[in-house]
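The structure displayed is predicted, hence computed values, not measured ones. Within every chain, numbering begins at 1; the chains are lettered A, B, ... in the order of the sequence lines, protein sequences first and strands thereafter.
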Amino acid sequence: MTLILDPDDPAGWREAPPARSDDPSGPGSPLTEGLNPQQREAVEYRGPALLIVAGAGSGKTRVLTHRIAHLIEMRDAWPSQILAITFTNKAAAEMRERVQALLGDSASGMWISTFHSACVRILRREAESLGLSSTFTIYDSADQRTILKRIIKGLDADTMGFTPASAQAKISKLKNELADVESHARNANMNDPQEVMFLEIFRQYTRRLREASALDFDDLIAETVYLFRAFPKVAALYQRRFRHILVDEYQDTNHAQYSLIRELTRPVAPAIVSELDEHGILVRGMTDATGSIPGASLTVVGDSDQSIYAFRGADIRNIVEFERDFPGAKVVLLEQNYRSTQNILSAANAVISNNFDRKDKKLWTADGDGEQIVGYTGYTAHDEAQFIADEIESLHRSGVAYRDIAVFYRTNAQTRALEEIFVRSALPYRVVGGTKFYERAEIKDAMAYLIAVANPLDELALRRILNTPKRGIGPATETTIAQFAEQNELTFRQAMRSAGGLGLGPKVTAAISALADVLDEAAAMLVPSQAGIDAGTNEGASKISEVLVFLMERSGLLDALRNSRDPQDETRAENVEELVAQTRDFDRENPGATLVDFLTQVSLVAAADELDDASGTVSLMTLHTAKGLEYHAVFLTGIEEGLLPHQMSASEPGGPAEERRLFYVGITRARKRLYLSLAMSRAQFGEVAVAMPSRYLQEIPEGLIDWRQSPGMATSRGGSQPRALNARRGFGQGGAGGGAWGTRDRDLERFSVTRSEKPKTEWANKVTGTVRDNGDLTLEAGDRIRHADFGEGKVTQVTGEGTKRIAHVSFDRAGQKKLLIKIAPIEKL
DNA sequence: AGATGTCACGTTTTT
DNA sequence: CGTGACATCT
C-alpha cells in the first residue's frame with residue numbers, strides 16, 4: 001500500500017489508488033502511443049529539471065499534456081500538485097481540455113493558467129500581507145496612461161519631454177526587471193534632472209496605484225515575487241503545494257517571470273517546514289534527509305527561434321542558459337514536425353538560419369513536399385487584399401473551411417484594407433484581437449461602474465463615472481471633491497458621500513449624493529447572505545448581471561444613450577446591452593463567481609482567447625497573436641521593408657533578428673498552404689509611399705515560391721499581364737472618384753528613404769530583388785499616358801514630391817484616377 | 001457646464 | 001486617417 005499526500009484532501013493522506021493494470025507507459029498505452037522517441041522521453045523523464053526544445057509544430061502541446069497525464073497516472077503527482085503555465089488563456093484552456101480528455105475528472109484541481117491569472121489568484125488570496133484589498137483593480141495600459149497623463153501634467157514634466165507613453169514604457173521595463181522606486185532611486189543619477197523627474201513620476205504613479213488599491217499588468221508578476229521573497233512562509237505554502245511546474249513558451253519569459261519560477265521551485269527550509277508543521281499544515285512525508293521539502297520539479301518548453309516578445313522584456317537567455325541555471329537539467333530536442341509540408345519547413349529553415357548566434361536546428365517532416373508557396377505582389381494594399389479574398393474563395397470552393405484559413409499581418413492598422421475588401425467580397429471573417437469591445441468608451445464606462453462598486457478605493461473608476469452620463473459635475477467640482485478628500489483624509493468615495501459639506505450648489509450636491517447612493521446600494525446587493533458568509537461562499541449575493549442592470553438604469557447611463565440624438569449612441573446602447581448579455585453568460589457559466597472574478601477575467605482576456613474554433617469564419621490577426629496556432633492555409637501579408645521588419649525595429653538592438661523570428665513564426669503556422677503577399681505601395685495615414693519587398697523574402701530559396709505576380713514582373717512593362725486588379729468588382733468606379741490606388745489617398749503610402757538607398761546588390765534573389773520603378777519618369781498636366789488596366793488617359797494634375805509624386809489622370813474610359821508615378825503600370829505616350 | 005469646431009499629433013507587436 | 005487637446009460659443 002502506498003500513501004501519497006494530497007494537499008487538497010482535508011485528511012491529507014490518502015491511499016494511492018491501485019496502479020492501472022495496464023502500464024500507462026507500456027506499449028499500446030494511449031499516453032505514449034504514437035510518440036516518437038524524443039517525445040516519449042520528454043513524457044517519461046523524471047528529475048528536477050527538464051528542458052524540452054520544441055521546434056514549431058513538433059507536438060509540444062501533445063508532449064506537455066501527455067506528460068501531465070503521465071505524472072498523474074503513474075502516481076507521481078496528485079492533480080493539485082501540478083502547476084502548468086501557458087502564455088495565453090486560450091492555450092491554457094486548450095491544455096486543460098486535452099488533459100481532461102486524457103484523464104477525465106481527475107484533471108480538476110490542477111492549476112493550468114497564464115502567469116498573470118495564476119498571480120492574480122495568489123495575490124487575491126494573499127492580498128492582506130501586501131496591504132492590498134483583495135478586490136484590487138487591475139489597470140490596463142489605457143488606465144496607466146490616464147494616470148501618467150495627470151501626473152505629468154501636474155509636474156509639468158511634458159516640458160522635459162516626458163509623455164505618458166514614454167513614462168509607461170520605462171516603468172514597465174523597470175518592473176519587468178523587478179525594480180521599484182527605491183531600488184531605481186539608488187541607481188539613478190541625481191544630477192540628471194531628467195532622471196530626477198522620472199523618479200518623481202514613478203513615485204507618484206506608484207503611490208496613486210497603492211491608494212487606489214490597484215495593480216498594473218507588470219505588478220501582477222512583480223508583486224507576487226515580492227510577496228514570496230518578503231513572506232517565506234507564504235511562499236512555502238505554494239512551494240509545498242506545487243510539486244511539478246510546467247512552463248510553456250519559456251523563451252518568452254521576462255526576468256520577473258523567471259524569478260517567479262525560481263521562487264516557486266525553491267526548496268522549503270527546515271525551519272519553515274517545522275513552522276508549517278506547527279500550524280497544522282501537512283508537511284510530513286514530504287521532507288528529505290535534511291528536513292527540507294525539495295524544490296518542485298520544473299519542466300520548461302520553448303524554442304528560442306520563436307522568441308518574439310523582447311519588447312516586453314522577454315529574455316532569451318532564460319532558455320539558452322537553462323542548463324547552467326538548473327545544473328543536471330535534462331534536455332530533449334524535438335525537431336520532427338507534424339504540422340507543415342516540407343516546402344513550408346524549408347522556407348522556414350532557410351529564413352531562420354540567417355539569424356546568427358542560434359543553435360542550428362532544422363525542422364523536417366516525413367510527409368512530403370506539398371504545394372509550392374504562393375507569392376503575390378499587389379500594387380496597393382487593396383489589390384493585395386483582393387488577391388487574398390479571391391484565393392480564399394478559391395480555397396473554399398475546393399473544400400477548405402473558412403475556419404481553417406487565417407490571414408496574418410504585422411500591425412493592426414493593416415486590417416483596414418483587408419476588412420474593406422472582405423466585406424465587399426462577402427467573406428465571413430473575424431478580426432482576432434484588437435479586443436475592441438472592451439475598449440469602447442461606453443463599455444469602459446459601464447465597467448468603471450462595476451469597478452467602483454467592487455473596489456471603492458479606485459479613484460480612477462470613480463472619476464470616470466462622476467460625470468458619465470452628464471449630471472452637471474464638471475472639472476471644477478471634481479477638483480473640489482478631490483481637495484476635500486485630501487484635506488479631511490477621506491477617500492474620494494467618502495468625500496462623495498459627504499457631498500453636503502462641500503459647499504456646492506444644491507443641484508450639483510444632489511447629483512453627487514445620488515451617484516454615491518447608487519454605488520452604495522449596488523455594493524449592498526453584492527453582500528452574501530449570512531449563510532453564505534458563514535460558508536465562505538457567495539450565496540445570497542445578487543448576480544453580476546443584476547447589479548450591472550441596476551447600475552445602468554439607476555445611473556441613467558442607458559437612458560442617456562437611448563434618448564440621445566447622436567445616432568451613434570444607439571449603437572452604444574446596444575453595446576451596453578451586449579455587455580449585460582455577457583455578464584448573464586458569465587453568471588450562468590460560473591455559478592457562485594463574484595463580481596471581482598468577472599472583472600479579473602475581463603482584464604486578463606487576451607486576443608487569442610476569444611478565438612472561437614466553431615465559428616465558420618476566416619481569422620485575421622497579428623503575427624504575435626498567431627503564435628501557438630495553426631491553420632490549413634495561411635496568408636502572410638505586408639511582407640515589406642518597413643512593415644516586416646517594422647521600421648521601428650531598426651533602431652532596436654536585435655530588432656531585425658526578432659522580426660525575422662516573427663516571420664518564421666508566421667510561416668510555421670501553415671499546415672498545407674502558405675501565401676506570401678505584399679504591396680508595392682502602402683497607406684499609413686494618408687501619406688504616399690513606395691514599399692520595397694522585405695529582405696526576408698530574399699532568404700527563401702527561389703524554387704519554393706510560385707510568384708503569381710512578383711515584384712520583378714512589374715518592371716517588365718508590356719511583357720507581363722498584371723491582373724485586372726482594381727478594374728474589377730466596381731473598384732474605383734462609380735462616382736466615388738476612386739482610382740488605381742483605391743478610393744482614398746490613404747492607399748498611397750509613405751516611402752522610406754533609408755530603404756530605397758540600399759544598394760540593390762544586396763538583393764541576391766533576382767525575382768524579388770527588383771521592384772517596378774519608372775525611374776525619373778516625369779509627367780505634367782496635359783501629358784497622355786497608357787495604363788496597363790485603365791487604357792489611355794490625360795494627366796490633369798501632378799502633386800507630391802520625389803517618389804511620392806501622384807498623377808491625377810482622366811482616363812478615356814475608366815474615369816478619374818490617382819496614380820503613384822514611380823510604380824504605376826503606366827507609360828508616357 | 002456643455003456642445004461644437006479646429007488643429008496638431010502620433011502611429012509595433014501584448015499579458 | 002483617427003484621436004485627443006484646446007478654444008470658443010451657447
Side-chain angles (χ1 to χ4, degrees), chain A residues 85-92 113-120 138-142 144-146 149 153 158 163-166 168-169 172 175-176 215-222 249 252-254 256-257 307-314 408-414 416-417 432-435 439 441 467-478 504-505 507-508 511 564-566 600 603-609 621-627 638 642-652 655 658-659 661-663 665-666 683-687 744-750:
Chain A
I85 297 179
T86 61
F87 202 65
T88 62
N89 292 300
K90 155 122 177 141
S113 69
T114 62
F115 270 106
H116 291 83
S117 305
C119 286
V120 170
I138 300 165
Y139 279 174
D140 65 18
S141 38
Q144 294 183 54
R145 230 167 293 145
T146 308
K149 201 184 289 170
K153 205 168 180 182
D158 48 344
T163 64
S166 70
Q168 181 189 22
S172 173
K175 287 188 176 180
N176 285 334
L215 298 177
D216 62 31
F217 273 122
D218 303 313
D219 284 332
L220 296 179
I221 315 290
E249 308 281 18
D252 284 327
T253 51
N254 60 35
Q257 290 161 333
S307 162
I308 54 173
Y309 282 105
F311 72 90
R312 204 168 61 183
F408 302 155
Y409 37 81
R410 178 65 176 85
T411 68
N412 288 115
Q414 289 168 254
R416 223 155 274 171
V432 181
T435 67
E439 282 166 18
N467 198 32
T468 316
K470 303 272 180 276
R471 15 174 109 84
I473 309 176
T477 310
E478 188 181 325
L504 295 160
K507 248 176 104 177
V508 182
S564 158
R565 54 187 189 84
D566 182 343
T600 304
S603 302
L604 298 180
V605 287
D609 303 341
M621 69 190 84
T622 65
L623 283 164
H624 284 88
T625 306
K627 186 157 84 151
L643 217 44
L644 190 74
H646 196 277
Q647 53 206 1
M648 288 308 204
S649 73
S651 52
E652 289 159 15
E658 172 138 327
E659 298 281 307
R661 288 194 291 269
L662 202 46
F663 188 42
V665 165
Q684 270 171 350
F685 18 95
E687 274 294 302
R744 280 163 224 152
D745 274 356
R746 74 160 113 88
D747 268 26
L748 300 168
E749 264 197 17
R750 176 178 19 173

May I ask you to decide if [Y]'s main-chain N or O and [X]'s side chain share a donor-acceptor pair within less than 3.5 Å?
| X | Y | answer |
| --- | --- | --- |
| A:Glu658 | A:Gly655 | no |
| A:Gln168 | A:Gln144 | no |
| A:His116 | A:Leu220 | no |
| A:Glu478 | A:Ile473 | no |
| A:Asp218 | A:Asn176 | no |

Grab the [atom1]-[atom2] distance between [X] and [N] for me, whole Å please.
| X | N | atom1 | atom2 | answer |
| --- | --- | --- | --- | --- |
| A:Phe408 | B:dT12 | CZ | C1' | 17 Å |
| A:Ile221 | B:dT15 | CD1 | C1' | 8 Å |
| A:Gln257 | B:dT14 | CD | C1' | 11 Å |
| A:Gln144 | B:dT14 | CD | P | 16 Å |
| A:Phe663 | B:dT12 | CZ | C1' | 17 Å |
| A:Gln647 | B:dT12 | CD | P | 9 Å |
| A:Asn176 | B:dT13 | CG | C1' | 15 Å |
| A:Arg145 | B:dT11 | CZ | C1' | 12 Å |

Listed nucleotide nearest any side-chain atom of [X], set [options]:
| X | options | value |
| --- | --- | --- |
| A:Arg312 | B:dT14, C:dG2, C:dC6 | B:dT14 |
| A:Lys470 | B:dA3, B:dT15, B:dT13 | B:dA3 |
| A:Ala476 | B:dA1, B:dT15, B:dT12 | B:dA1 |
| A:His624 | B:dT12, B:dT13, B:dT15 | B:dT13 |

By nearest heavy atom, map A:Glu659 and A:Pro475 onto DNA chain B; which one lands nearer the 5' end?
A:Pro475

DNA chain B: A:Gly472 or A:His646, which has the more 5' nearest nucleotide?
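Looking at the nearest nucleotide for each, A:Gly472 comes out on the 5' side.
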
At under 4.0 Å between heavy atoms, what does A:Asn467 touch on the DNA or RNA strands: base, sugar-phosphate, or nothing?
sugar-phosphate

Using a cut-off of 4.0 Å on non-hydrogen atoms, how would the nucleic acid contact of A:Phe115 be classed: base, sugar-phosphate, or nothing?
nothing

With respect to the phosphate group of [N], does any side-chain polar atom (N or O) of [X] fall under 4.0 Å of OP1 or OP2?
| X | N | value |
| --- | --- | --- |
| A:Thr625 | B:dT14 | yes |
| A:Lys149 | C:dA5 | yes |
| A:Asn254 | B:dT15 | no |
| A:Asn412 | B:dT13 | yes |
| A:Thr622 | B:dT14 | yes |
| A:Thr477 | B:dA1 | yes |

Hey, does A:Leu623 have a side-chain heavy atom less than 4.5 Å from the side chain of A:Val665?
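Of all side-chain heavy-atom pairs linking A:Leu623 with A:Val665, none is under 4.5 Å.
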
With the criterion set at under 5.5 Å between ring centres and under 30 degrees between planes, would B:dT13 be stacked on A:Phe311?
yes

